[in-house]
Amino acid sequence: MSRYFVMTAIPYVNGRPHVGHALELLQVDVLARHRRQRGDEVRAQTGTDDNALKNVQSAEAEGVSPTEYVARVAERFLGLQRPLDLRFDDFIRTSSDPRHRPGVEKLWNACAANDDFYRKSYTGLYCYGCEQFYAEDELVDGLCPEHLVRPDVVEENNWFFRLSRYQQPLIDLISSDRLRIEPASRKREVLSFIESGLEDFSVSRSMKRARGWGIPVPGDPEQVIYVWYDALANYITAPGYGSDDAGFAHWWTEGGERVHVIGKGIIRFHAVYWPAMLLSAGLTLPSTIFVHEYLTADGQKISKSAGNAKDPAEIAERFGTDALRWWMLRDVARAGDTDYTDQRLVTRNNEDLANNIGNLVNRTVSMVNKYRGGAVPPLPEHNDAAADLRAARAGAAARIDEAMAAFDFRRAAEVVTDLGDAGNRYVEAAAPWTLAKAERKEDAAPDALDAVLAELVHTCRLLGELLTPFLPASAAEILAQTGEGGDRVTAPSPIFRRLELAAEE
RNA sequence: GGGGCGGUAGCUCAGCUGGUCAGAGCAGGGGACUCAUAAUCCCUGGGUCGCGGGUUCGAGCCCCGCCCGCCCUACCA
C-alpha cells in the first residue's frame with residue numbers, strides 16, 4: 001500500500017464556480033477514488049484562496065467585509081461537493097483556517113533563515129481605480145484599459161525572493177522527473193521558461209495597499225505576504241506544516257506521492273515558484289504536477305460577462321450528476337481546450353451510459369430474471385465462446401491503471417465502454433433467447449444458457465467495479481442490481497436514463 | 001518579439017521512440033435480431049493527415065520555412 005496525496009489548486013474566484021472549476025475538482029476526486037479502490041492510503045484536498053487583494057475590492061463592491069465575502073465564496077465551492085458527488089478529505093480556507101497562518105509564517109521564516117529574502121524598491125504604473133499595477137504593454141495608449149486614465153508612477157518597497165538562485169536546481173529536478181510534470185509538453189514548456197532565466201520576484205505588498213487583508217510579514221507589520229506565496233503554502237499547511245508535525249510528516253515528508261492538479265494558467269506558480277520556495281525552506285517537493293486545459297462553453301471562453309458561466313450544479317441537476325461526471329471524464333481532450341455544450345453531454349450520456357453500459361446491465365438482469373427466476377448460474381471454468389469477452393474483462397483493470405497513471409481520464413473511461421461493447425457483442429453472438437427457446441422446445445440441457453448468463457452477470461459486476469471511481473452512485477446501483485456478488489439479481493430497472501434536449505435548445 | 005501546444009474523414013478526436021499509419025466514435029446509408037432504456041449486432045468511411053521544401057529505402061510521425069487557432073510571457077490569480 002502506498003500513500004497518495006492529491007490536491008486541486010485552491011481557486012481564487014470573483015464569482016461562482018463554473019464547469020471549469022468542476023473539472024479540476026472532479027479529476028482529483030476520481031484520482032483519489034481510484035487509488036483508494038486500489039488499496040492506497042489517500043488524501044484528497046481542496047480549498048479556497050482567500051487572501052487576494054481582489055477579494056478586498058470585490059467585497060467592497062458588494063458592500064460586505066472581506067471576511068464575509070470570502071466565506072460566501074467558500075460556501076459556493078463547498079456546495080459543489082454534493083451535486084458533483086465529490087469526496088474530499090480536507091478543505092482549507094487560507095483566511096480563516098487556524099492551520100494556515102502559522103504554517104505560512106513558518107515557511108516564511110524558513111526561507112528567511114536561508115537568506116532568500118531581501119528588500120527592494122519597485123516602481124510601476126499604478127491605477128488607483130483598479131488598485132493594481134500595469135505593465136507598459138498592458139496599457140492602451142498609455143491609459144488604464146479599465147478606467148481610461150493615465151496610471152501614476154508609484155514606488156513601493158517590498159520583500160523579494162531570490163528565485164534566481166534556484167534556476168539550475170529546478171532544471172535538474174524537472175528534467176530528471178524527480179519533479180514530474182504532465183503532460184510532457186508542459187514539462188518542456190516549463191523547462192524552456194526556466195532556461196530563459198529566472199528573476200527574483202516580490203513576495204510582499206504594503207499593508208496599506210492590501211488594506212490590512214492578508215497575512216502580515218513576520219517581523220514587518222508594514223508588509224503583507226504576497227498572495228501566491230500565501231496560497232501555495234496551503235498544500236503543506238493543511239496536512240499540518242506549522243501546526244501538526246506528525247500530520248505533515250505523514251502526508252508530505254515521508255514518501256508516497258504528492259500530486260498537484262492545476263489548470264494551465266498557473267503552471268509558473270506551481271512548477272517554478274512553489275518548488276523554489278520549498279527548496280529554500282529545505283522541504284520536500286511535490287512529486288507530480290498534472291496540468292489540465294480549460295473548458296469553454298458553447299464555443300466561447302467562460303466568463304460572466306458572456307453569460308455562459310455554466311453552473312455545474314445546475315447541469316448536474318438537469319442532466320444528472322453522473323452524466324456530468326461522465327462527460328468531463330470521457331469527452332474532455334488531453335490537449336487543447338474542450339467545448340462544453342449540453343448536446344455533447346447528452347450524446348455522451350446516451351451513447352455510453354444509457355445505450356451501452358446501462359442497457360447491457362438491464363438486458364442481463366432482465367434475462368436472469370426471465371430465464372432463471374433471478375438466480376445467477378455459476379461461472380463455468382472454461383468457455384471458449386466467451387474468449388473475447390473474458391479477455392476484455394481480464395485486461396480492463398490494468399488498462400485503467402495505466403491510463404490513470406498518465407492522468408488520461410478519457411482513455412480510462414473508454415476502457416469501461418470497451419468492456420460494455422464486448423458484453424453487448426457477446427449477447428448477440430450467444431443469443432441467449434435462442435438457447436431459452438431450445439430449452440423449452442427440445443428439453444435441452446440448461447448448461448449453455450447458464451454459461452451465457454453467468455458470463456454476462458460477471459461482466460456487469462466488473463463494470464460496476466470499474467465504474468466506481470468514475471460514477472460512484474451509478475456503479476453502486478449496478479452492483480446492487482447484479483446481486484452484490486451473491487447468487488441472485490434484483491428486478492431490472494434502468495440505471496442510466498436517456499436524455500433529450502428540448503427542441504428550442 | 002520570445003516560448004509552448006494544436007491544425008488528421010461532415011462533427012469530436014486517437015495515432016508511443018518513423019515502415020498494415022490512413023484510424024475510432026458520432027452523424028449518414030443498408031441489413032439482422034428481439035433479452036433490453038426504439039436499446040443491440042453486422043456491413044458501409046477514396047479524407048492532398050494546414051501549406052511548401054528537406055532528411056530517409058520509407059514521414060501525420062524527424063528537420064527548415066510559412067499560414068491559421070489557442071495558451072504563457074514573471075511582480076495582475
Side-chain angles (χ1 to χ4, degrees), chain A residues 9-14 49 51-55 120 122 124 127 130-135 137-138 156 158 160-161 163 183-193 195-205 226-229 231-232 263-269 272-273 291 293-294 296 301 330-339 341 343-344 347-348 350-356 358-371 406 408 410-411 414 417-418 420-421 423-436 452-453 456 492-498:
Chain A
I10 52 173
Y12 143 77
V13 281
N14 261 330
D49 172 13
N51 291 333
L53 266 56
K54 283 236 174 111
N55 282 332
K120 193 173 107 179
Y122 167 72
C127 170
C130 302
E131 298 282 9
Q132 72 169 50
F133 284 96
Y134 277 100
D137 57 8
E138 288 176 316
E156 193 167 298
N158 294 324
F160 276 67
F161 175 73
L163 181 66
S185 57
R186 295 300 174 188
K187 171 183 169 181
R188 287 195 288 276
E189 181 181 327
V190 169
L191 279 173
S192 73
F193 170 76
E195 282 161 358
S196 72
L198 296 181
E199 294 172 19
D200 298 344
F201 69 103
S202 119
V203 286
S204 74
R205 297 291 182 271
Y226 173 50
V227 66
W228 266 109
Y229 188 98
L232 289 164
K264 63 183 174 184
I266 54 177
I267 299 177
R268 162 147 326 127
F269 301 98
V272 182
Y273 293 10
V291 183
E293 308 264 329
Y294 290 149
T296 55
K301 189 170 175 174
R330 184 70 180 84
D331 222 20
V332 172
R334 251 171 104 56
D337 293 350
T338 298
D339 192 39
T341 65
Q343 184 59 60
R344 285 184 68 160
T347 300
R348 213 75 244 194
N350 291 352
E351 291 303 322
D352 295 343
L353 264 25
N355 296 354
N356 181 345
N359 188 235
L360 178 63
V361 173
N362 194 240
R363 66 201 302 206
T364 296
V365 173
S366 294
M367 286 190 282
V368 173
N369 273 290
K370 184 168 290 190
Y371 301 143
D408 195 338
R410 183 187 241 195
R411 195 150 52 88
E414 190 178 18
T417 53
D418 282 352
D421 284 336
N424 278 313
R425 273 196 300 272
Y426 177 71
V427 177
E428 298 301 323
W433 47 90
T434 305
L435 298 175
V452 172
L453 296 177
L456 290 174
S493 169
I495 292 168
F496 301 104
R497 65 193 167 110
R498 288 181 55 80

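Residue numbers start from 1 in every chain, and the chains themselves are labelled A, B, ... in the order their sequence lines are given, proteins ahead of strands.
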Any side-chain donor paired with an acceptor under 3.5 Å for Glu189(A) and Ser185(A)? no
Kindly confirm or rule out a cation-pi arrangement of Arg268(A) over Tyr273(A), judged by NZ or CZ under 6.0 Å from the six-membered ring centre and within 45° of its axis? no
Whole-Å gap separating P (rG4(B)) and CD1 (Ile266(A)): 22 Å
What nucleic acid atoms does Glu351(A) come within less than 4.0 Å of, heavy atoms only: base, sugar-phosphate, or nothing? sugar-phosphate
Consider the side chain of Arg425(A), meaning its heavy atoms from C-beta on, and name the nucleotide among rG25(B), rC42(B), rC70(B) that approaches it most closely. rC42(B)
Can you check whether Lys120(A) has a side-chain N or O nearer than 4.0 Å to OP1 or OP2 of rC75(B)? no
To the side chain of Phe193(A), which of rC13(B), rC5(B), rA74(B) is closest? rA74(B)
Whole-Å C1' distance, rA14(B) and rG7(B): 15 Å
May I have the distance from Arg411(A) (atom CZ) to rA14(B) (atom P), rounded to whole angstrom? 11 Å
Determine which nucleotide pairs with rG69(B), using a 3.5 Å limit on both distances of a Watson-Crick or G-U wobble pair. rC5(B)
Base, sugar-phosphate or nothing for Arg186(A)? Non-hydrogen atoms, less than 4.0 Å. nothing
So that I know where these two stand, are Phe201(A) and Phe160(A) an aromatic pair - ring centroids less than 6.0 Å apart? no
Whichever of Leu163(A) and Ser192(A) has its nearest RNA chain B nucleotide further upstream toward 5': Ser192(A)
Please give the distance between the C1' atoms of rC42(B) and rU55(B) as a whole number of Å. 45 Å
To the nearest Å, how far apart are Glu414(A) CD and rC13(B) C1'? 10 Å
Using atom P of each nucleotide, how far apart are rA9(B) and rC51(B) to the nearest Å? 11 Å
Nearest to the side chain of Arg344(A), heavy atoms from C-beta on, is which of rU73(B), rC13(B), rU12(B)? rU12(B)
For Asn424(A), answer base if it contacts any base atom (sugar-phosphate contacts may also be present), sugar-phosphate if it contacts only those atoms, and nothing otherwise; contact means non-hydrogen atoms under 4.0 Å. sugar-phosphate
What distance, rounded to whole Å, do you find between the two C1' atoms, one in rU8(B) and one in rG47(B)? 8 Å
For atom CZ of Phe201(A) and atom P of rC76(B), their distance in whole Å: 13 Å
Check the pair Thr347(A), Glu351(A) against side-chain hydrogen bond (donor to acceptor under 3.5 Å, both in side chains), reporting the backbone distance first and the verdict last. CA-CA 6 Å; Thr347(A) 300; Glu351(A) 291 303 322; over 6 Å; no
Identify whether any heavy atom of Ile267(A) sits under 4.0 Å from a base atom; if not, whether one sits that close to sugar-phosphate; answer base, sugar-phosphate or nothing. nothing
Check the distance between rA27(B)'s C1' and Asn350(A)'s CG and give it to me in whole angstrom. 14 Å
At 4.0 Å (heavy atoms only), tell me whether Tyr371(A) reaches a base, stays on the sugar-phosphate, or touches nothing. sugar-phosphate
Arg188(A) side chain N/O closer than 4.0 Å to the phosphate oxygens (OP1, OP2) of rC5(B)? yes
Going by a 90° cut-off around 0, is rG19(B) syn or anti? anti
If we take the C1' atom in both rC67(B) and rG29(B), what is their distance in whole Å? 37 Å
Assign each of Tyr294(A) and Ser185(A) to its nearest nucleotide of RNA chain B by heavy atoms, then name whichever residue's nucleotide is nearer the 5' end. Ser185(A)
Given atom CG of Asn356(A) and atom P of rU37(B), what is their separation to the nearest angstrom? 16 Å
Proximal nucleotide (of rU73(B), rG3(B), rC5(B)) relative to the Arg268(A) side chain: rU73(B)
Quick note, Asn355(A) side chain, CB onward, closest among rC41(B), rU40(B), rG25(B) is rU40(B)
What distance, rounded to whole Å, do you find between the two P atoms, one in rG18(B) and one in rA74(B)? 36 Å
Tell me: CG of Asp331(A) to P of rA14(B), nearest whole Å? 11 Å
Go through rC71(B), rC13(B), rC75(B) for me and flag the one nearest to the Arg410(A) side chain. rC13(B)
Would you indicate which nucleotide in rC41(B), rG4(B), rA14(B) comes nearest to any side-chain atom of Glu189(A)? rG4(B)
Ring-on-base stacking between Trp433(A) and rC35(B), under 5.5 Å between centres and under 30° between planes: is it there? yes
Using the C1' atom as the point on both nucleotides, what is the distance between rU44(B) and rC49(B), in whole Å? 22 Å
Test: Asp418(A) and Arg411(A) ion pair at under 4.0 Å: no
Shortest non-hydrogen contact from Ser204(A) toward Asn158(A): O-CG, 3.3 Å
Do the charged groups of Glu293(A) and Arg186(A) touch, with an N to O distance under 4.0 Å? yes
Among rG25(B), rC75(B), rA14(B), which nucleotide sits nearest the side chain of Arg348(A)? rG25(B)
Give one of base, sugar-phosphate or nothing for Asn359(A), where a contact means two heavy atoms less than 4.0 Å apart. base
What's the closest nucleotide to the side chain of Arg363(A) if the choices are rC5(B), rU40(B), rC75(B)? rU40(B)
Could you check whether Asp339(A) pairs with Arg344(A) (Lys NZ or Arg NE/NH1/NH2 to Asp/Glu carboxylate O, under 4.0 Å)? no
Integer angstrom distance from the C1' of rG58(B) to that of rU20(B): 14 Å
I want to check something: taking the side chain as every heavy atom from C-beta on, are Thr296(A) and Thr338(A) in contact at a cut-off of under 4.5 Å? no
Just compare rA27(B), rU37(B), rC35(B) and give me whichever is closest to any side-chain atom of Met367(A). rC35(B)
Separation of Asp421(A) atom CG from rC26(B) atom P, in whole Å? 8 Å
Look at all strands and tell whether Ile495(A) reaches a base, only sugar-phosphate, or nothing, counting heavy atoms closer than 4.0 Å. base
When all nucleic acid strands are considered with a 4.0 Å heavy-atom cut-off, which category describes Gly197(A): base, sugar-phosphate, or nothing? base
My understanding is that a pair needs two contacts under 3.5 Å, Watson-Crick or G-U wobble. By that rule, which nucleotide pairs with rU12(B)? rA24(B)
